[in-house]
Amino acid sequence: MSAATERLPLRPVARRFFQRPTLEVARDLLGCLLVHETPEGVVVGSIVETEAYGSGDPGSHAYRGKTARNAPMFEEPGRAYVYFTYGIHHCLNAVTETDGVAGAVLLRAVEPVDGLDLMRARRVGVRDRDLARGPGRLTKAFAVGSEHNRADLTSSELRVCSGERLPEQMVQRTARIGLGRTQDGRRWRFAVKASPWISAGPTGAARATGSRRS
DNA sequence: CAGAAGATCATCT
DNA sequence: GATGATCTTCTGT
């Protein structure tokens, strides 16, 4: 591993880190390191953007109750919830709350810290800045797929390791755009302010809610 | 069983 | 800013 991460402890966070209110977890995941070890090598990224999906959020997969797909959101905190969308992309979530209560945090972007060459190989032809800037790009750069659904993020080869605690000044918290507000206001996006690695902002704006083609 | 929508991204104008 | 890609999941009949 490179000098950048040699000095870091790369210690997985504890289960109880995830067994908390979704908003808190989403906030505290900023600055943590996402690590994935595969036979090809190791990639490490610093989490710079997250999105909270708590109960009562109409945008949450769990809003209408438990189904085959969203079941992991109701299960053990600290595990991964991976789903496939738009026929192309996988999205990686960390399950939160307690067993029986649905909650998850979508990992939207990381700043590449280690394994840059491996990420580049998985994302041929894109600028380094775009390697993992966006939930779909992140899973591609980190080779995360459906096989990681329910992976234990506190102990498996795909894990979240503690990083630095970011000062509040660096944290930007915004209501999610595009799908309307929730009554309890639980849907929020957290990002490291002014980080060039976040997908939020003009370039990452959600597509307007319009009718779709037939 | 059919239809629609989707926690996105790359590409084009 | 608009659009196609590509397929899973959910809903209604």
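The sequence lines fix the lettering, A, B, ..., with proteins before strands; numbering per chain opens at 1.
- C:dA5 atom P lies 10 Å from atom CD1 of A:Ile88, rounded to whole Å.
- When rounded to the nearest whole Å, the span between CG of A:Leu107 and P of B:dA7 equals 16 Å.
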Could you check A:Val171 against A:Leu30 for side chain to side chain contact (heavy atoms under 4.5 Å, CB included), going step by step and ending with a plain yes or no?
-> CA-CA 8 Å; A:Val171 177; A:Leu30 295 180; 3.9 Å; yes
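- When the P atom is used for both C:dT6 and B:dA2, the distance is 22 Å, rounded to whole Å.
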Atom pairs under 3.5 Å: protein N/O with N/O of nucleotides 10-13 of chain B:
from, atom 1, to, atom 2, distance (Å)
B:dA10, OP1, A:Arg123, NH1, 2.7
B:dA10, OP1, A:Arg123, NH2, 3.1
B:dA10, OP2, A:Arg137, NE, 2.7
B:dA10, OP2, A:Arg137, NH2, 2.6

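- Ion pairing between A:Arg137 and A:Asp130 holds under the 4.0 Å rule for side-chain N and carboxylate O.
- Pair assignment for B:dT13: none, as no Watson-Crick or G-U wobble contacts are both less than 3.5 Å.
- Nearest approach of A:Cys91 to A:Leu106, heavy atoms of both residues: CB-CD1, 3.8 Å.
- Pair assignment for B:dA7: none, as no Watson-Crick or G-U wobble contacts are both less than 3.5 Å.
- Residues A:Val25 and A:Phe18 share a closest heavy-atom pair of CG2-O, 3.8 Å.
- Rounded to an integer number of Å, the gap from A:Asn93 CG to B:dT8 P is 11 Å.
- In this structure, A:Arg122 atom CZ and B:dC9 atom P are separated by 17 Å, rounded to whole Å.
- Note: NE2 (A:His89) to P (C:dG4) measures 15 Å, nearest angstrom.
- Around CZ of A:Arg64, the count of heavy atoms belonging to other residues, nucleotides or ligands within 6.0 Å does not exceed 12.
- Under 4.0 Å is where a charged nitrogen must lie from a carboxylate oxygen, and between A:Glu37 and A:Arg159 at least one such pair does.
- Between the OH atom of A:Tyr86 and the P atom of B:dA4 there is a distance of 16 Å, rounded to whole Å.
- Put simply, A:Arg189 has no side-chain N or O that comes within less than 4.0 Å of OP1 or OP2 on B:dA7.
- In this structure, A:Tyr53 forms an aromatic stack with the base of B:dA7, since both conditions hold: centre separation below 5.5 Å and plane angle below 30°.
- Picking from C:dT6, B:dC9, B:dA7 the nucleotide with the shortest atom distance to the side chain of A:His61 gives B:dA7.
- Under 4.0 Å is where a charged nitrogen must lie from a carboxylate oxygen, and between A:Arg27 and A:Glu168 at least one such pair does.
- A salt bridge between A:Glu76 and A:Arg150 is absent, with no side-chain N of the basic residue lying under 4.0 Å from a carboxylate O of the acidic one.
- Rounded to an integer number of Å, the gap from CG of A:Leu106 to C1' of B:dG6 is 13 Å.
- The aromatic rings of A:Phe84 and A:His90 sit tilted relative to each other, their planes meeting at an angle between 30° and 60°.
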Collect all protein-nucleotide pairs involving nucleotides 8-11 of chain C in which both atoms are nitrogen or oxygen and the distance is under 3.5 Å.
from, atom 1, to, atom 2, distance (Å)
C:dC10, OP1, A:Thr67, OG1, 2.3

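- In the interface, the side chain of A:Tyr83 is paired with the base of B:dA7 through a donor and an acceptor atom under 3.5 Å apart.
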